[in-house]
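Here the structure comes first, spelled out in structure tokens, and everything after it is commentary.
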Protein chains: 2
Amino acid sequence: MAHNSPTFSPLYRQIKDLIVRALDAGEWLPGQAIPSEQVLAARFGVSQGTVRKAVDELAAENILIRRQGKGTFVSSHQDPRAVFRFLRLKAISGGPVLPKSQPLECMRAKAGQEAARNLGVGPGSPIVIVRRVLRLDGKPVVIDEMYLAAEVFPGLSLEMLRDWHGSLYSLFESRFGVRMVRATEKLRAVAAEKTVAEMLDVREGTPLLSVERVAYTYGDKPVEWRRGLYSTAEHYYVNELS
Amino acid sequence: MAHNSPTFSPLYRQIKDLIVRALDAGEWLPGQAIPSEQVLAARFGVSQGTVRKAVDELAAENILIRRQGKGTFVSSHQDPRAVFRFLRLKAISGGPVLPKSQPLECMRAKAGQEAARNLGVGPGSPIVIVRRVLRLDGKPVVIDEMYLAAEVFPGLSLEMLRDWHGSLYSLFESRFGVRMVRATEKLRAVAAEKTVAEMLDVREGTPLLSVERVAYTYGDKPVEWRRGLYSTAEHYYVNELS
DNA sequence: TAGTGGTCTAGACCACCCA
DNA sequence: GGGTGGTCTAGACCACTAA
């Protein structure tokens with residue numbers, strides 16, 4: 001093996017890329033099992049240990065899920081345990097939280113400077129803007145505005161959003177084959193403007209948590225830019241540092 | 001090997017615990033190299049591969065740092081790269097941020113209900129309360145109030161805090177041998193009260209980011225509970241989701 | 001050149017799940 | 001019982017660092 005080329009990357013990382021590419025191509029769908037390590041090793045012409053290391057990293061990134069005795073599965077936003085992977089909210093009371101999305105608007109537009117930059121597309125590219133309210137335990141807690149590259153979500157409509165019972169990301173995954181894999185968020189504290197305050201049932205000027213997110217699919221491709229305003233009267237945003 | 005006992009844990013995890021215990025005992029200090037994998041394997045009577053897996057996990061948790069060709073090192077808050085591991089603030093302008101701590105107060109007290117619960121000590125236990133302002137690029141951006149178990153930080157004083165040039169955690173590490181390894185944070189948006197507003201140089205009622213943190217040392221032992229109020233006029237809190 | 005971590009392999013056996 | 005992932009080992013070789 002040539003281990004001294006300038007673009008050297010270890011075998012297991014090449015295997016990892018091949019697996020990601022297969023996932024991106026839809027060879028194995030979310031929730032389904034991928035082939036066993038033995039089979040993958042034969043397919044890629046490497047030892048099982050090398051496949052294992054590749055899968056280990058993908059499992060650490062929550063892209064795959066290993067289940068001893070059963071197999072290795074493509075992680076899915078359909079999985080109820082995955083809901084709070086991207087929704088870092090908990091009730092101050094400590095009780096369980098039942099999120100329910102209430103779509104308000106779904107419209108076509110052209111990308112402005114900021115949206116274009118965050119979505120990695122050219123300015124003026126067609127995008128879809130979605131606005132919705134997220135209710136937790138029946139109360140409005142989050143108001144979101146999402147910007148999506150239109151070509152990735154063809155035919156997305158308000159009816160489709162209204163008819164869907166589940167998380168947005170599970171809809172994206174099921175209907176458009178787009179799996180959100182990673183996201184970065186920027187948090188600030190802002191004052192509620194009048195219209196927002198009414199929707200969240202708080203007084204105008206109430207401090208809200210502003211959460212700006214860029215979400216990526218396989219291959220670190222950005223596909224969603226969103227801004228959420230969280231009412232933190234009865235909920236807080238949790239984070240783990242290490 | 002008895003792999004079927006009810007308290008079964010794999011060898012590499014036992015090795016990991018032994019390494020953590022050695023770290024906790026101060027056998028190897030932050031910034032120093034630990035023995036090579038070969039040496040550790042001989043010491044614990046296992047193969048190098050098993051030590052490697054234990055070290056892999058500790059490196060993933062940012063407790064150890066591997067450097068090819070040099071060795072494996074105990075991670076340290078002295079390392080300038082470690083400053084932003086627990087301070088998730090960036091300038092909106094995108095420029096670099098130079099944090100500087102300005103201690104205000106350091107007093108002894110007895111733990112109330114909440115502090116006791118968060119620090120894992122009995123109510124009434126002696127604690128130290130520290131208040132400080134954190135300046136970024138010269139401007140006051142964060143005001144912190146910290147609650148520390150007194151017996152873990154004997155002799156902590158305002159003078160000591162004032163004389164220290166570096167992060168608080170690097171002080172704790174150098175002077176008291178307490179290394180912060182992990183933390184959980186709860187974020188909310190709140191309105192600035194008068195005294196806080198003055199210190200942060202904002203108007204009363206300005207929305208601030210409230211960050212409540214419990215920090216843990218080796219063995220998941222909580223040793224610090226703090227609440228910070230962040231002015232997010234020119235900075236934001238960053239987070240990675242995966 | 002010697003020592004460190006990093007990669008890759010091959011094989012054995014264990015733990016778990018399911019038919 | 002047979003298949004899956006999980007653990008552990010032993011050995012070879014590569015890549016990086018420092019003296």
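Just the heavy atoms: all of them, side chains too, but no hydrogens, waters or symmetry mates, feed the values below. To find a chain, count down the sequence lines: A is the first, B the second, and so on, and within it residues start at 1.
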Rounded to whole Å, the OH-C1' distance (Tyr12(B) to dG6(D)) equals 8 Å
Checklist line | Centroid-centroid distance, Phe172(A) to His77(A), less than 6.0 Å | finding: no
| message | For Tyr216(B), does the six-membered ring have the charged nitrogen or CZ of Arg182(B) within the cation-pi criterion, i.e. under 6.0 angstrom from the centroid and within 45° of the normal? | response | yes
Rounded to whole Å, the NZ-P distance (Lys53(A) to dC8(C)) equals 8 Å
Residues in residues 64-71 of chain B with a heavy atom under 4.0 Å of DNA chain C, by number, are Arg66(B), Arg67(B), Gln68(B), Gly69(B), Gly71(B)
Rounded to whole Å, the CD-P distance (Glu37(B) to dA2(C)) equals 21 Å
So, Glu212(A) versus Trp225(A): side-chain donor-acceptor pair below 3.5 Å or not? yes
Those residues at least two apart in sequence (or on a different chain) that pass ring-ring contact (aromatic ring centres under 6.0 Å, His included) with Tyr230(A) are none
Taken to the nearest whole Å, CZ/Arg13(A) to C1'/dC8(C) is 15 Å
In whole angstroms, the gap separating P of dG3(C) from CG of Leu40(B) amounts to 17 Å
query = For Phe73(B), is the NZ or CZ atom of Arg67(B) found under 6.0 angstrom from the centre of its six-membered ring and inside 45 degrees of the ring axis?
reply = yes
note: Lys16(B), atom NZ; dC8(D), atom C1'; distance rounded to Å ~ 17 Å
When rounded to whole Å, the CD to C1' distance for the pair Gln14(A) and dT7(C) reads 12 Å
- prompt: So, is Arg52(A) near the phosphate of dG6(D), with a side-chain N or O under 4.0 Å from OP1 or OP2?
  reply: yes
Whole-Å distance, Glu57(A) CD to dG6(C) P, equals 12 Å
Rounded to the nearest 0.5 Å, the CG atom of Leu11(A) sits from the NZ atom of Lys53(A) at a distance of 11.5 Å
Checking dC8(C), dG5(D), dC8(D) against the side chain of Ser36(A) (C-beta onward), the nearest is dG5(D)
Quiz item: Can you find a side chain N or O atom of Thr50(A) that sits less than 4.0 Å from OP1 or OP2 on dT9(C)?
Solution: yes
Here the gap from Glu27(B) atom CD to Ile34(B) atom CD1, rounded to the nearest 0.5 Å, amounts to 10.0 Å
- Identify whether any heavy atom of Val46(A) sits under 4.0 Å from a base atom; if not, whether one sits that close to sugar-phosphate; answer base, sugar-phosphate or nothing. sugar-phosphate
